[in-house]
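Letters A, B, ... are given to chains in the order of the sequence lines, protein chains preceding strands, and every chain is numbered from 1. Only a predicted model underlies this, so the values are computations on that prediction, with no experimental measurement involved.
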Amino acid sequence: MPPYVIPDKCDGCQGERVPMCEVVCPGNLMVIDKASGKAVCREPGDCWDCMTCTKSCARQAIQTRIQYQMAFFPGKLIPLVGTHSVTWTLIDCHGHVERFIMRTLAGEEDEET
Amino acid sequence: MNVARERVYIDADILIIGGGTAGCLAAYEARQVGGDDLKIVILEKAFIRNSGALSAGMNALNMYLNQGTPEDLVSYIRYDMCGAPVREDILLSVAELVNETVAMMEQEGLPIKKKPDGSYLNRGKWNIEINGSLLKPITANMAIKTRARVYNRVHVTDLIKVDDQVGGCVGFGVRDGKFYVARGKVVMVCAGGAAGIWRPRGQGDAHHRIWYYPFNTGGSYAMCKRAGAKMLGFDSRLVPVRTKDTYSATGTLAIGMGAPMVNAQGEAFMQEREEYIKMGGHTAPTPIRVLAYCREMENHRGPCYMDTTRGDPERVEGLKAQYLDMAPCLVLYWGCNDINPAREPIEIDAADPSIVGAHAACAGAWTIGNSRMTTVERLFVSGDALGGAPSRFISGTWTCGRLAGRSMVGYLKERRPELLGLDPAMVDALEAGVFAPLERFNRCSFYTNGDPMDGVSPGQMEARMQNIMEEYCGGRSRWFYVNETNLGIARKLINRLRREQLQYLVAADLHDLQLAWDVINRLDVCQLVVEHIDYRKETRYPGYVNRTDYPGVDEEYDCFITSEWDPNTDTLSFFREPYEQIVPGDRKCQTL
Ligand SMILES: Cc1cc2nc3c(=O)[nH]c(=O)nc-3n(C[C@H](O)[C@H](O)[C@H](O)COP(=O)(O)OP(=O)(O)OC[C@H]3O[C@@H](n4cnc5c(N)ncnc54)[C@H](O)[C@@H]3O)c2cc1C
Ligand code: SF4
Ligand code: SF4
């Protein structure tokens, strides 16, 4: 499920010290394209689908797409990260929507989003 | 062209290679027992908050005493390895401390699921369920808050050996391109296991959709081997039978909700077929369950499934949520394949084998007593890098890391070792070796498409290596069968790659240099795997390694088999270490 960056949403993390997706990727795969100033996954096939980059992008610019050799198009899985939970939205390939709120840190029960 | 490369010199009391599950907790514990002045350094090839096997999250801690004693747990682990010898001394030391470690990690913020009475929600006897999507940040925080000095994006390539001792390591900055020379009074290798030795099932944009974390590439084993440490367990490779295509964990299905494996006829074969009942049935050792799955497929009774419709209905409803904490890709996969896991069985498949020491297999360095020190002075290991003590998993690896931290501090206090002096000429030679693939690329001519005319890329060499291992060292397409003839071919071809072809390996940039070192290290792991499997002329872990020429168990190999590498001949010498049974009883039975 490699990451694909949506050009209208990615601003190259201009407001940040460093582009978040580039900082976190364990495979060293996310890089800022010099010409566009936007992030790109340099080799989608090398991605482990850990979704760390997707979860770290504050602008929700990264979409994970399941490899077509494994499953039908289209479908989306979108994480929205809160302080103590993640809200996941699954849109299956027929457009049905399911939502899940998962705890991530012990402590405060999370803000319902 | 010859601009001097910038160097970074680092000196530490405790030098930790790999900021993962074991490394972070080793740093934490070393600080606890070693005090404020101790200089602890971690070199991490990625970014410590999100690196390693925990980076995608996990939903269970697979080592926990919900009941029974540490001895019972060790008896279970031994049983689960088909009664093969395991390091019971090491496992007992971990089992005694594991519950305390888990309580500590809960304090640090890890959400552990609870039963109505407030106790941990168990999954079988030895597991508990967690909401582990932030497992790695929580783990990394243990190292960060203890003020270990962390260097991110430093890819360690080799240990530095001075006479018979290890005095540090070298590597390169994946982003800054600098040459790193780090010395430690003691050095710990905990850079995880090895993925990508065999050909993966998915191709192209799915070639890293494998079970094990693809960025742990055998550095632990290769570096220890090259430093002359005794190694063991490379004949017990882990064959993961997982959800088809995504290769996500199935413990959630099997232990979590009691879903049985079934074949195409709906037969719960572990419970219903005589041949598997004899081998332990539904709770047979892990390798046996792999074997049974493979036999069903080979006998054309596939496809096979985990039958969730026969599982606990309450837990099946929450399946998607549980996988979101660990393998979100499976949830999207279901959504894009019209699969409702609560209503229909989940198809399974066997993936490419992985080389690990902390999961259900035994690979790693041999360690002396309970010290976590290898046979090379000052060189310690933990996590997947430590061999002979399987099934420590996350919670046991945290604990094993803590114990390694204590042991290293003890060594510093008792032996008072000093940093070793490094011969500048040796350091220069190491630098030349680290950057050689990059330098070679710079000397290349290029085809019209930009490919080098005089070299082989890391990706090309990786594919060649994976094909050799797949076809001649029992990959998935060979149903994990090997015999002397094909092992001989594997040996010849792998040695050819290692001895004659590495001189052509080129790297276009620093990212490529990282991939080049991944191949170099994996090739060393291939050597260990081929030679260890060949040496063991029996089938002790059926399912993991099936020797068609020696299908039975031979008492002669009822011991630990270790090997030591000779750099002059590039061969391994083998040794047998006696097995010490500490927990009494029949090794093929569980005490609980
Ligand atoms: C897919 C999967 C699912 C699992 N599920 C569970 C589960 O549900 N429950 C459970 O209890 N256990 C589970 N395990 C087992 C458990 O996660 C591992 O046993 C444990 O995390 C291993 O810890 P480690 O410290 O050896 O490796 P890691 O935590 O992977 O740490 C290795 C570190 O070394 C770094 N590194 C690697 N090479 C280099 C280098 N050359 N230079 C510098 N740094 C380097 C890596 O970036 C990484 O940070 C699972 C394992 C996998 C792979
Ligand atoms: S984190 Fe998001 S916004 Fe920032 S560079 Fe990456 S994709 Fe773009
Ligand atoms: S999903 Fe993980 S491995 Fe893949 S690009 Fe993002 S951070 Fe890297």
Side-chain angles (χ1 to χ4, degrees), chain A residues 1-2 18 20-29 31 41-56 64-79 81 84-88 90-107, chain B residues 45-47 49-52 55-57 106-113 131-134 136-138 152-153 155 174-175 195 202-210 212-215 244-246 318 320-322 324-325 327-329 331-339 459 510-511 514-515:
Chain A
M1 252 178 10
V18 273
M20 280 316 291
C21 57
E22 188 180 77
V23 169
V24 298
C25 174
N28 197 35
L29 300 174
V31 281
C41 176
R42 71 167 100 211
E43 183 53 70
D46 281 357
C47 165
W48 192 45
D49 310 337
C50 71
M51 291 194 78
T52 309
C53 56
T54 315
K55 288 196 242 172
S56 341
T64 33
R65 269 179 73 159
I66 194 151
Q67 294 89 340
Y68 193 74
Q69 62 183 282
M70 291 172 16
F72 295 106
F73 186 77
K76 282 183 191 166
L77 182 63
I78 305 158
V81 180
H84 288 84
S85 70
V86 180
T87 304
W88 293 91
L90 169 68
I91 309 169
D92 73 13
C93 56
H94 306 293
H96 302 137
V97 179
E98 267 184 284
R99 214 161 254 129
F100 306 86
I101 299 172
M102 302 301 297
R103 281 181 89 197
T104 50
L105 261 188
Chain B
K45 92 177 213 189
F47 178 62
R49 281 177 58 82
N50 302 97
S51 64
S55 57
E106 186 179 26
Q107 287 294 311
E108 298 296 328
L110 177 68
I112 303 184
K113 296 186 192 173
N131 285 118
S133 79
L134 290 186
K136 189 58 211 284
I138 294 168
N152 287 308
R153 303 289 172 192
H155 188 121
V174 178
R175 302 267 168 91
Q203 298 296 309
D205 68 354
H207 89 115
H208 272 180
R209 183 84 305 283
I210 56 181
Y212 191 63
Y213 173 75
F215 313 120
K244 182 174 177 287
D245 293 328
T246 64
K320 284 185 190 162
Q322 288 201 43
L324 285 172
D325 273 343
C329 58
V331 178
L332 183 55
Y333 175 87
W334 286 334
C336 295
N337 279 308
D338 307 330
I339 293 171
L510 289 168
H511 181 67
Q514 177 155 254
L515 301 181

Could you tell me which residues satisfy side-chain contact (heavy atoms from CB on, under 4.5 Å) with B:H511, sequence neighbours excluded, listed by chain and number?
A:N28, A:L29, A:R42, B:D509, B:Q514, B:L515
How far does SG of A:C53 sit from CG of B:N50, to the nearest 0.5 angstrom?
10.0 Å
Heavy-atom closest contact (A:W48 atom, B:I210 atom, distance):
NE1-O, 3.2 Å
Contact part of A:K55 toward chain B, heavy-atom cut-off under 4.5 Å: side chain, backbone, both or neither?
side chain
Reported CZ-to-CG distance for the pair A:F100 and B:D325, which is rounded to 0.5 angstrom:
11.5 Å
Quick one: which of B:A206, B:S133, B:S51, B:A46 has the most heavy-atom pairs under 4.5 Å with chain A, could you say?
B:A206
Could you pull out the closest heavy-atom pair between B:C336 and A:P74, with the gap in Å?
SG-O, 4.2 Å
Do you know the tightest heavy-atom contact between A:M102 and B:A321?
CE-O, 3.2 Å
Contacts of B:I138 that satisfy side-chain contact (heavy atoms from CB on, under 4.5 Å) - sequence neighbours left out:
A:L105, B:M105, B:E108, B:L110, B:L134
Straight-line distance of B:R209 CZ to A:D49 CG, nearest 0.5 Å
4.0 Å
Go through the atoms of A:L90 and report whether side chain, backbone, both or neither lie under 4.5 Å from a heavy atom of chain B.
side chain
Specify which of A:T52, A:I91, A:V23 makes the most heavy-atom pairs with chain B at under 4.5 Å.
A:V23
Portion of A:H96 that has a non-hydrogen atom of chain B nearer than 4.5 angstrom
neither
Closest non-hydrogen atoms of A:L77 and B:L332, given as atom of the first, atom of the second and distance, are N-CD1, 4.0 Å
Quick check for you: to the nearest 0.5 Å, what is the distance between A:C93 atom SG and B:W334 atom CH2?
15.0 Å
Assess whether atom NZ of A:K76 is packed by more than 12 heavy atoms of other residues, nucleotides or ligands within 6.0 Å.
no
Hey, which of A:T64, A:V31, A:T104 has the most heavy atom pairs under 4.5 Å with chain B?
A:T104
Looking at chain B, which one of A:P26, A:P2, A:C47, A:G75 has the largest number of heavy-atom pairs inside 4.5 Å, strictly under?
A:P26
Candidate pair A:M51 and B:C329, rule side-chain contact (heavy atoms from CB on, under 4.5 Å), full reasoning:
CA-CA 9 Å; A:M51 291 194 78; B:C329 58; over 6 Å; no
Does the A:Q69 side chain pair with the main chain of B:G202, one donor and one acceptor, at a distance under 3.5 Å?
no
Could you tell me which portion of B:N152 (side chain, backbone, both or neither) has an atom closer than 4.5 angstrom to a non-hydrogen atom of chain A?
neither
What distance do B:Y213 atom OH and A:C50 atom SG have between them, rounded to the nearest 0.5 Å?
7.5 Å
I need the minimum non-hydrogen distance between B:F47 and A:V24, along with the two atoms involved.
CD2-CA, 4.0 Å
Shorter than 4.5 Å, heavy atoms on both sides: which option in B:K244, B:Q203, B:K136 has the most such pairs with chain A?
B:Q203
Looking at B:P111, B:G52, B:A56, B:S55, which has the largest count of heavy-atom pairs under 4.5 Å with chain A?
B:P111
Identify the two heavy atoms, one from B:R153 and one from A:E22, that lie closest to each other, and give their separation to 0.1 Å.
NH2-O, 3.7 Å
Between B:H207 and A:D46, is any side-chain donor less than 3.5 angstrom from a side-chain acceptor?
yes
Given that the side chain runs from C-beta out, which part of A:E43 has a heavy atom under 4.5 Å from chain B: side chain, backbone, both or neither?
neither
